[in-house]
Every structure is written in structure tokens, then in C-alpha cells.
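Per chain, numbering begins at 1; letters A, B, ... match sequence-line order.
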Protein chains: 2
Amino acid sequence: MTEEAPPGGDEVDAITESVLTASRLLVGVSAKSVAAVAGPITLPQFRLLVALGSRGPLKLVSLAELLGVNPSTATRTVDRLVTAGWAERNSNPQSRREITVGLTPQGRELVDRVTDYRRREIASIVQRMPAERREGLVAALQAFSEAGAEPPPRTSPYDAALTQWD
Amino acid sequence: MTEEAPPGGDEVDAITESVLTASRLLVGVSAKSVAAVAGPITLPQFRLLVALGSRGPLKLVSLAELLGVNPSTATRTVDRLVTAGWAERNSNPQSRREITVGLTPQGRELVDRVTDYRRREIASIVQRMPAERREGLVAALQAFSEAGAEPPPRTSPYDAALTQWD
DNA sequence: GGGCAAGATTTGCATAATGCAACCGTGGTT
DNA sequence: AACCACGGTTGCATTATGCAAATCTTGCCC
């Protein structure tokens, strides 16, 4: 089933290949940005910070759900981030059974630095592209994403900071 | 800031956004494929299998390097895969200090099943795209990847199976 | 008001992933 | 033979994860 010649197959293969190659490039850029700017933090931890940065303070369950991990994992990752001074737990006066997790100023600054770095990297790549290809890129990718039944297109700058499983 | 007009910055933002959105979609597809087809295997383990599938048997250090992990991590992940019957260690008659790691038939079959599933998912997305956008996608993405100074463009089908850090 | 079901978080337990450093063979050099 | 670089493994410590059980809060019914 991976063979047939009719109009469809080869083109699909070509697209798959090109999208994945580009995706790989991008993920590499993200990883590099984290490593370059944010010394002693792990990727899962940073991903959590990014989520908080883009959505604002969240209760633990929502956070876990957003990241696609078990609440217990979220709890413990938050523990570490709190210890490191990047996140904080705040009790919710409304219902004392839930807590909200948010960024500390240091946490936000960390996320910002990484995001800026990453944006510059990407910009430098885009600027090396032939200009006439750029519009095509945006249009085609949007069509692709729409066809893939995208979730809500959040347009926060943080959103872009780490692709992994978001 | 997502509006357009001036030549430089906004366009870069738009591209960044669209590429990342698409990338996110794709990574989701990959994860879903692994989960759907390959029950009890972790992502790092599967990633290792994919590497073996695309490059053939490798010595341990090369494998670790390819995956970007420490040799000790590779050793132990291979241990688990061997136990599970998906990979095998073979001693190299040439030099007894190196070993090569390869897929077992079961391992290859697992990778194939996931890859096929994933390809079908992507194909179904691409087929929902307006046809006239498709060529633009390939051309633009290739330009993007080239501008990003891609590593060797391996064109194996396995290559596409998991994007994460590859 | 007491009791109970449902919801939110945390803890206990077990396993995987990771990196670093130390260690053991192997192969080549001098 | 003496050394040294290379490949792989093991010991140690920390993080990441999921599942299940325990804890605390809320809301609701009788």
C-alpha cells in the first residue's frame, strides 16, 4: 500500500517527507534554544513553564491535561520548578481544594529569553529563504493544519516555544 | 502582530506560527500512531528502533550519537529492547570490542506497522488539502529546510516515523 | 446536621530515561 | 612489552511517568 502510482501517492510521500524534515529542523532549533539559554532545566520542566506562560495560571489538573501527562507527574514537576524558583503554587480562595500554578517573575523571564533566542534563530532561517517561497509556505501550511483539524489556534508567542506534544 | 504589511518581522512571525502549528499536528500524529499500534513500548525505545530501521545495524556508540544520548543510556535501552525481542546484539567478528545492534524480525514488523499507520494518517490530511496548495507546500518547505542547513536528507520511509529530536 | 459521592491533589511504589564517572577488554603504537 | 585510545558496560544519582491508594474539600440528599 505504500506504492501505487496514481496522482496521489508520490505527492503525499513528498509532502510527508518535506514536512517532517522541516519539523525536525524546528524541533532542533527549540532544543538548541533551551540548551543555549536555560542551563540547568530539563525539557519537560521547560515545557511546563511554557504552558503556564501561554495560558496563564492553571490548576493542576488542567495543566496536566494540557501537557498530556498524569496529574502526579505534574505535581512533582511543579515541585521541582517551585524549588528552583520558576513557578509558584497559589491557593484559590474560592475553592480550597484546588490550587493554581503560575510563573514567578524569574520563570517568565526564563521563558522569554528562550523564546527570543528561538525566534531569532527561526528568523535567520526564514531570511535565508528565497522571498518568493515565503508566502507559499504560510498559505500551504495553514491549509495543511486546517485539514488536520487543528485545535484552537492560540496565537501567543510562547506557544511556539516548544513543539513537543503540545 | 499577526497582521502582515511590513516586509520583515511580521512575516517571520506568521511563518513561525504556521510551521509550528503544523509541526505540532504532525508530532501528535506520530505519538498517536505509536500508541495505536505498538502497545507497551515507550517513545525513546521506539525512536531507537526507528533509527535502526532507517540506518540498518549500528554499533552502540554510533547509535547513541545518532539519537543524541549518552552511550550508557543507549546500552540500557537496548537491553530492554533485546529483552522484549525487538532488537538484537551481534558481535562483530572483525573487532571483538564492538558490537552491532539490529532489529529482529519482530522489531522490523513493529516499526513497519507504526509507519504504515502514520503514513495513512498523514495522507488523509493531505488529501483534505486543496490540491493547488500542495505543490506550494513541498517547494516552500524544501526551501525552508535548505535554508536551515539540514543534515543529510535521508530519504528512508522510516525516517519519517518519529520526529522527536532526530 | 450527618453522611456520602465526586473532585483535586498528593503520596507510595515501581520502572524507564538520562548523564557522568569509573572500569574492563581490545587493538594499535611506539 | 608498555601505553594509550576506543567501545561498551556498570555504579550512582536524579528526573520523568503512570497507576493506585490516601487525604481533603465541596456539594447534595435525607
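Without hydrogens or angle criteria, B:T115 side chain to B:V111 main chain gives a donor-acceptor distance under 3.5 Å. Under a 3.5 Å cut-off, the side chain of A:S62 and the backbone N or O of A:L58 do not form any donor-acceptor pair. Listed for the B:S124 side chain is a donor-acceptor partner under 3.5 Å among the backbone atoms of B:E121. Judged purely by atom type and a 3.5 angstrom limit, A:S33 has no side-chain atom pairing as donor or acceptor with the backbone of A:V114. Using modelled atom types, one side-chain atom of B:R134 and one backbone atom of B:V126 make a donor-acceptor pair closer than 3.5 Å.
The CG atom of B:L67 sits 11 Å away from the P atom of C:dG19 (whole-angstrom rounding). Across the protein-nucleic acid pair, B:D79 atom CG and C:dT15 atom P stand 16 Å apart, rounded to whole Å. With rounding to whole Å, B:R80 atom CZ is found 10 Å from C:dT18 atom C1'. Between the CG atom of B:L60 and the C1' atom of C:dG25 there is a distance of 15 Å, rounded to whole Å. Distance CZ (B:R96) to P (C:dC24): 18 Å, rounded to an integer number of Å. When rounded to the nearest whole Å, the span between CG of A:N70 and C1' of C:dT11 equals 12 Å. Distance A:L43 CG to C:dT18 P: 11 Å, rounded to the nearest Å. Between the C1' atom of C:dT18 and the CD atom of A:Q45 lies a distance of 13 Å, rounded to the nearest Å.
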What pairs of nitrogen or oxygen atoms, one from the protein and one from nucleotides 28-30 of chain C, lie under 3.5 Å apart?
none

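Taking the nucleotide of DNA chain C with the nearest heavy atom to each of A:S62 and B:T77, the more 5' of the two is matched to A:S62. Taking the nucleotide of DNA chain D with the nearest heavy atom to each of A:P71 and A:N92, the more 5' of the two is matched to A:P71.
Partners of B:D79 according to the salt bridge (Lys or Arg N to Asp or Glu O under 4.0 Å) rule, which considers only residues two or more places apart in sequence or in another chain, are B:R89.
Running 5' to 3' along DNA chain D, contacts with non-hydrogen atoms of chain A at under 4.0 Å begin and end at D:dT15 to D:dT26.
For the pair B:S72 and C:dG19, the criterion of a side-chain N or O lying under 4.0 Å from OP1 or OP2 is not met. Considering only side-chain N and O atoms, B:T42 lies under 4.0 angstrom from the phosphate OP1 or OP2 of C:dA17.
Within 6.0 Å of CD on B:E65 lie no more than 12 heavy atoms contributed by other residues, nucleotides or ligands.
With contacts defined as side-chain heavy-atom distances shorter than 4.5 Å, the pair A:Y117/A:V34 does not qualify. Contact check for B:T100 versus B:L60: no side-chain heavy atoms found under the 4.5 Å cut-off.
Within 4.0 Å (heavy atoms only), A:S95 reaches sugar-phosphate atoms of the nucleic acid but no base atom.
For A:R76 and C:dG12, a side-chain-to-base donor-acceptor distance below 3.5 Å is present, hydrogens and geometry of angles not being considered.
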